[in-house]
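Here the structure comes first, spelled out in structure tokens, and everything after it is commentary.
Here is the naming used below: chain letters follow the sequence lines, and residue numbers restart at 1 for every chain. Atoms considered below: every heavy atom in the structure, side chains included; atoms not considered: hydrogens, waters and symmetry mates.
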Amino acid sequence: MMLNWTRRKILASAAAMTLALGVPAIAQDNQEIVIGGSIPLTGVFGFAGVGIEAGMQDYIKILNEEGGIDGRKVRLSYEDTGYKVDTSVAVFNKLTSQDEIHLYYGDSTGFAKTINPELDRRGTMIMAGASFASELNDPAKFPAQFLAGPDYTEMVSILLEFIAKEKPGATIMLVNSDTEFGRDPIAKTKERASALGLEVVGEIITPPTAVDVSTEVLKLRRARPDYAIFHGYILAPLPEFMNQAKQLGLETKFMGTFWSMDSSIWADVGEAANGFMGVMPYRYYYDTEAAPMLDKIREMRPQYQSTAYTQGFLTAMLLTEAAKRTLAAGQELNAKNLKASLNTIKDFDTGGLIGVPISIPGNSIPVGRIYQYDAAAKQMKPASDWISVQE
Amino acid sequence: MRIATAKQSYSSDEALLRTNTQWAWMGILALALLAAPFLLDGYWLYLACLVTINVASATGLNILTGFTGLVSLGQAAFMAVGAYTVAVLQRDVGTPFLFNLLAAGALTAIVGVLVGLPSLRVKGLYLAIATIAASFILHFVFVNWQSLTNGPSGISLEPATFFGAPLTSNFHLYWVFVPITALMVLGAANLFRTRIGRAFIAIRDRDISAEVLGIPLLRYKLLSFAISSFYAGIAGGMWAYFFRVVTPESFPFITSIFFLAAIIVGGMGTILGGIVGAVFMTLVPELLRFLVEWASPFVPNAGTLLSPVRTVVFGALIVGFLVFEPQGMAEIIQRIRRFFHLWPFRK
């Protein structure tokens, strides 16, 4: 008898625990608008996730102080994903079973692609995120998603526009990491370059964690390109490339895309980083041009905030703007209405986070600016005006 | 106390479940599995499906590493072969999903045999390195065989259909994955009651003695690779239907380590070990989320501050299990069983 009783008790408590853990917290305030977030706070992309979360929280704070959306408060509900797709999907399922969610932040290209059928099936939310993959910039295939900036192909196109103006007929070497992220813009870049009269003299593919790059640098020396465009890396192996190229006396100018453009990652590289250029769709924390939103950010956070912070901040702004417009039109918050509202954004003022008024006719915001690293000031300085590649 | 379990025939001595208690527990498990999809919400159902897939794969690796003693770090690559097979069949041929899964298992088994060829010459860490090499070769193939795999951006799949109904929700997929995995686990448990399974164990314990006993090493080692890869292939196929996108980055090398860790933590060389190991490795990081959640009223910005702690705690738990229970979690369960065999007359 005793044995049975014990077993039953164990079983009952096990079942009770499962239920207790599984029962979703019932939303206390139905009026609240919740932004869900699969955010990488640990893992290889953790450095960006921390900034993204801070940026989103800050914008939501500003918005709530101004009265929220139509009197409804906004809240960010997020969990750490470790930058792993299966964990991101788990977080998505967890958050969506806890709260009614219409706006979502995703952490990777893999997650964006994996969750897309589910977003379409639910039809209740729109999503943006940390990925600028060109594949996502297709409103037909990804109707419930958008990018809070130019996609990777558009980023490289902005670089190419700049090169074509600065040095017509220049030669270019493409250096990409051997990942989906790295290989993303290669094919389109070649097309775009030849249309602009530029010559792609070669491409180098390295492992994403390459350390010894001497053979690749030799390739660079043989081709002697005017520009080398790096994509698919955060920092390494860029400094190694630049150091060795300088030692060999190459005049090549080195360029990068969004995720390798944060000035804090270059601060430790020192003199070798001087002159590194790249495309940035947002203003830097320390930009001196008039930007009321940047003033607010600097007031809230006296320390330097990364470009990931700005990305999170702007993404929260665009997500909530879509919700604001949908509610103002008296429509239900669902994927179709939210996306349609997002697409009505035309000549929108981001408070100076992006230097020009933006429009989102499709899935991306194809504007950006070339910045150049100044090692003495440890800052990125603007090297061009804002460039739009909107067709 | 365990009484009235006298065995009167060889078949009852060989049976998988030998006592009424075991039958009762198995019945409870079956009932729980049947009831689960009706009781769990989206999040837990998702985890249940993920655990099911991981159990299938871990059981496969356990056959190879736990029972045959051949260390493999190629499990993720084998799963990728299965996932790609399913994706390509679903995209280009449109065959039914059960057929696709079987095909994935079969093709992966063939790949497994090829990868296992060096196992006759190299053992232990050397074999582990050989399987790592194989997984890099496979990764290269997935990236560069553009026409078939669509290169780095991979393949998106249509959902599996069952009599015309698409299996899109976790609720539907649960009813597919759980029976398949249950069959696979049952198959593995039965395998070790046959000559083949016993031969695997003999090879693990001393390969030279096994050969003296008349076990052809080449055939049995490759057979072990084939069976293990078959499991990985089916698990990978289920994975493909679950996530519906397969890219070369879907199965990173770390996944192989994940499965090896799962069977070590769970208990190598026991069927139960593969199961509890996979459950532990998949669920514990998720359960630790609730610690963060409970702490959040007391710690400002808990999500950001405590997430790294979560990974540290998970790591510490693994180390703790290795130190205090080197035989794996399955051994804890066995010890509890033995305790109740004599209870309440134990001194």
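The shortest non-hydrogen separation linking A:A90 to B:Y43 is O-CD1, 3.3 Å. When all heavy atoms of A:S97 and B:G42 are compared, the closest pair comes out as CB-N, 4.4 Å. Taking each heavy atom of A:K113 and B:S153 in turn, the nearest pair found is NZ-O, 2.5 Å.
Contact count against chain B (heavy-atom pairs under 4.5 Å) is highest for A:N93 among A:N93, A:L95, A:I39. The residue among A:V50, A:V85, A:T179 with the most heavy atom pairs within less than 4.5 Å of chain B is A:T179.
Separating the OG1 atom in B:T168 from the CZ atom in A:R122 is a distance of 11.0 Å, to the nearest 0.5 Å. Interatomic distance, A:E53 CD to B:S307 OG, rounded to the nearest 0.5 Å: 9.0 Å. In this structure, CG in A:D178 is found 6.5 Å from NE2 in B:H139, a value given to the nearest 0.5 Å. The distance from the CG atom of B:D41 to the CD atom of A:Q98 is 8.5 Å, given to the nearest 0.5 Å.
In this structure the side chain of A:D86 reaches within 4.5 angstrom of the side chain of B:Y46, judged on heavy atoms. Between B:V143 and A:R183, some side-chain heavy-atom pair lies under the 4.5 Å cut-off. Between A:R121 and B:S169, some side-chain heavy-atom pair lies under the 4.5 Å cut-off.
Proximity of a side-chain donor or acceptor of B:E249 to a complementary backbone N or O of A:E180 within less than 3.5 Å is detected. For A:K94 (side chain) and B:W44 (main-chain N/O), no donor-acceptor pair under 3.5 Å exists by modelled atom type.
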Test log, rule side-chain contact (heavy atoms from CB on, under 4.5 Å), inputs A:T87 and B:R289: CA-CA 11 Å; A:T87 318; B:R289 279 185 200 289; 3.1 Å; yes
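Counting heavy atoms of neighbouring residues, nucleotides and ligands inside a 6.0 Å radius, atom CD of B:Q22 exceeds 12 of them. Sparse packing is recorded around CG of B:N20, with 12 or fewer heavy atoms of other residues, nucleotides or ligands lying under 6.0 Å away. The environment of B:W145 atom CH2 is sparse: at most 12 non-hydrogen atoms of other residues, nucleotides or ligands sit within 6.0 angstrom. The number of heavy atoms from other shown groups lying within 6.0 Å of CZ (B:F171) is above 12.
Here B:R310 does not pair with A:E79 in a salt bridge; the nearest charged N to carboxylate O distance is not below 4.0 Å.
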